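A short write-up of the structure that comes next.
Everything numeric here is computed off the predicted structure, so don't read it as measured data.
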Amino acid sequence: MLPHTQRAENRDSSACFEGRSSLHRSPCSTVSFPSPIFLGIGQMAATIMILYVSKLNKIIHFPDFDKKIPVKLFPLPLLYVGNHISGLSSTSKLSLPMFTVLRKFTIPLTLLLETVILGKQYSLNIIVSVFAIILGAFIAAGSDLAFNLEGYIFVFLNDIFTAANGVYTKQKMDPKELGKYGVLFYNACFMIIPTLIISVSTGDLRQATEFNQWKNVLFILQFLLSCFLGFLLMYSTVLCSYYNSALTTAVVGAIKNVSVAYIGMLIGGDYIFSLLNFVGLNICMAGGLRYSFLTLSSQLKPKPVDEENIRLDLKS
């Protein structure tokens with residue numbers, strides 16, 4: 001969905017170690033766009049424009065701006081910046097397998113934060129399923145792990161910011177407050193200027209403006225498509241959290257990565273078979289499927305009926 005950069009988040013989503021597959025390619029992957037922060041700015045701008053135009057045309061609704069909005073949104077913008085910077089800082093510090101293993105710790109951190117912040121309670125079966133995903137990731141990458149203290153610190157910070165961002169996004173999406181569209185719109189509005197400053201200070205903006213493909217119509221179309229797909233990805237992630245939970249969103253991401261690896265075994269020809277990697281993939285998938293089964297089962301269970309209240313209603 002994004003132009004090919006060395007950005008850490010893209011590594012995680014491509015799931016290359018989980019099957020050594022390069023199937024998950026971006027529209028601009030052949031031109032090696034060098035400015036991930038500038039691309040993020042483009043995605044924020046696309047989010048703002050799409051949601052604002054939709055609001056004007058009464059397709060969607062979210063609150064108009066007032067002085068209480070920043071208070072209602074806090075600390076989401078700070079978490080977004082922390083997530084962005086820590087992700088970029090861990091880019092070249094770790095091998096791809098080790099990076100992807102450590103990124104899986106977002107899942108148990110999300111479970112912990114949902115318990116502490118949202119007061120949710122999870123069964124032992126759910127917790128076991130979550131840790132099966134972590135175990136599978138360690139086994140899959142067991143033959144290619146490397147230690148780098150600085151990289152570990154940055155990627156664990158990235159896990160914390162990602163998990164906190166997911167949990168607080170869920171908390172802020174109360175329809176009586178900002179709602180899912182308000183969270184997306186105002187978060188993008190508050191973060192586009194600070195992100196632009198970061199882009200200028202790191203030289204990212206200069207690399208973007210000096211890129212030699214801006215006269216290429218095909219590249220421009222690909223860049224705009226990437227901005228739109230970035231919005232679509234953010235919207236679908238928020239939507240998943242809105243109807244389910246932040247933990248379910250994190251687990252679905254892990255299952256998606258493993259699914260891509262399975263497809264890479266059959267299509268593409270770049271999967272290098274390793275018994276350790278294959279066993280780890282299957283444990284990851286088993287944990288994810290078990291989690292999905294338990295979650296769906298709990299949602300399909302009929303809610304207990306309060307017979308005493310029914311009798312009182314009938315009498316009245």
Side-chain angles (χ1 to χ4, degrees), residues 1-14 25-52 65 69-70 73-94 99 103 150-151 153-155 157-162 164-166 168-169 183-235 237-238:
M1 291 182 183
L2 307 177
H4 176 71
T5 69
Q6 294 303 309
R7 186 176 176 182
E9 290 88 340
N10 294 353
R11 292 181 174 191
D12 187 39
S13 63
S14 66
R25 299 189 186 280
S26 65
C28 304
S29 61
T30 56
V31 295
S32 298
F33 187 68
S35 309
I37 303 179
F38 183 78
L39 176 61
I41 294 169
Q43 292 173 349
M44 290 181 210
T47 299
I48 293 169
M49 286 189 292
I50 291 170
L51 293 179
Y52 186 69
F65 180 79
I69 293 291
L73 197 61
F74 185 84
L76 276 181
L78 295 180
L79 294 174
Y80 183 89
V81 171
N83 190 23
H84 199 70
I85 294 174
S86 59
L88 290 173
S89 299
S90 60
T91 298
S92 58
K93 306 295 182 184
L94 298 170
F99 175 82
R103 285 293 288 144
E150 187 180 358
I153 291 171
F154 278 119
V155 80
L157 284 174
N158 194 215
D159 288 342
I160 293 168
F161 283 122
T162 302
N165 186 69
Y168 275 106
T169 297
V183 166
L184 271 174
F185 180 79
Y186 288 114
N187 198 39
C189 286
F190 288 133
M191 287 320 307
I192 194 166
I193 300 300
T195 308
L196 183 60
I197 293 171
I198 294 172
S199 181
V200 172
S201 62
T202 58
D204 180 89
L205 183 63
R206 179 180 56 79
Q207 288 182 327
T209 54
E210 292 176 356
F211 190 57
N212 59 7
Q213 293 290 325
W214 286 113
K215 293 181 181 179
N216 185 337
V217 176
L218 179 60
F219 167 75
I220 293 173
L221 290 175
Q222 289 175 329
F223 181 84
L224 293 175
L225 179 62
S226 295
C227 292
F228 172 74
L229 291 176
F231 156 73
L232 206 60
L233 178 62
M234 287 187 284
Y235 175 65
T237 301
V238 166

Task: All pairs passing salt bridge (Lys or Arg N to Asp or Glu O under 4.0 Å) where residues 187-202 contributes a residue, at least two apart - done: none
TODO: Taking all heavy atoms of Leu39 and all of Cys227, pick out the closest pair and write down the distance.
DONE: CD1-SG, 4.4 Å
- [ ] Can you measure from CG (Asn165) to CG (Leu78) and round to the nearest 0.5 angstrom?
- [x] 11.0 Å
- [ ] Drop me the distance from Leu184's CG to Ile48's CD1, to the nearest 0.5 angstrom.
- [x] 11.0 Å
Task: Distance, nearest 0.5 Å, that separates CG of Leu229 from CG of Leu224 - done: 11.0 Å
TODO: Would you name the heavy atoms of Gln43 and Ser226 that are closest together and state the gap between them?
DONE: NE2-O, 3.6 Å
Open item on the list: How long is the straight-line distance from CD1 of Ile153 back to CG of Asn158, given to the nearest 0.5 Å?
Closed with: 13.5 Å
TODO: Please name the pair of heavy atoms, one in Leu196 and one in Ile41, separated by the smallest distance, quoted to 0.1 Å.
DONE: CA-CD1, 3.6 Å
TODO: Would you name the heavy atoms of Trp214 and Ala208 that are closest together and state the gap between them?
DONE: NE1-O, 2.5 Å
Open item on the list: I need the Tyr52 OH to Ile50 CD1 distance, nearest 0.5 Å.
Closed with: 15.0 Å
Open item on the list: Which heavy atom of Ser199 sits nearest to which heavy atom of Ile37, and what is that distance?
Closed with: CB-CG2, 3.7 Å
Task: Between CG on residue Leu79 and CE on residue Met191, distance to nearest 0.5 Å - done: 10.0 Å
Open item on the list: Taking CZ in Phe161 as the centre, count heavy atoms belonging to other residues, nucleotides or ligands within less than 6.0 Å. Is the count above 12?
Closed with: yes
Task: Listed partners of Phe38 passing ring pair (Phe, Tyr, Trp, His ring centres under 6.0 Å), at least two apart - done: Phe223
TODO: Provide the full list of salt bridge (Lys or Arg N to Asp or Glu O under 4.0 Å) pairs with a residue in residues 210-232, sequence neighbours left out, each pair given once.
DONE: Arg206-Glu210
Open item on the list: Suppose we screen for side-chain contact (heavy atoms from CB on, under 4.5 Å). Which residues come up paired with Leu73, at least two apart in sequence or across chains?
Closed with: Leu76, Pro77, Leu178, Tyr186, Asn187, Phe190
TODO: For Tyr235, check ring pair (Phe, Tyr, Trp, His ring centres under 6.0 Å) against everything at least two apart and list the hits.
DONE: Tyr181
Open item on the list: I need the minimum non-hydrogen distance between Met234 and Thr47, along with the two atoms involved.
Closed with: CE-OG1, 3.2 Å
- [ ] Would you list the pairs meeting salt bridge (Lys or Arg N to Asp or Glu O under 4.0 Å) in which at least one residue belongs to residues 183-204, sequence neighbours left out?
- [x] none
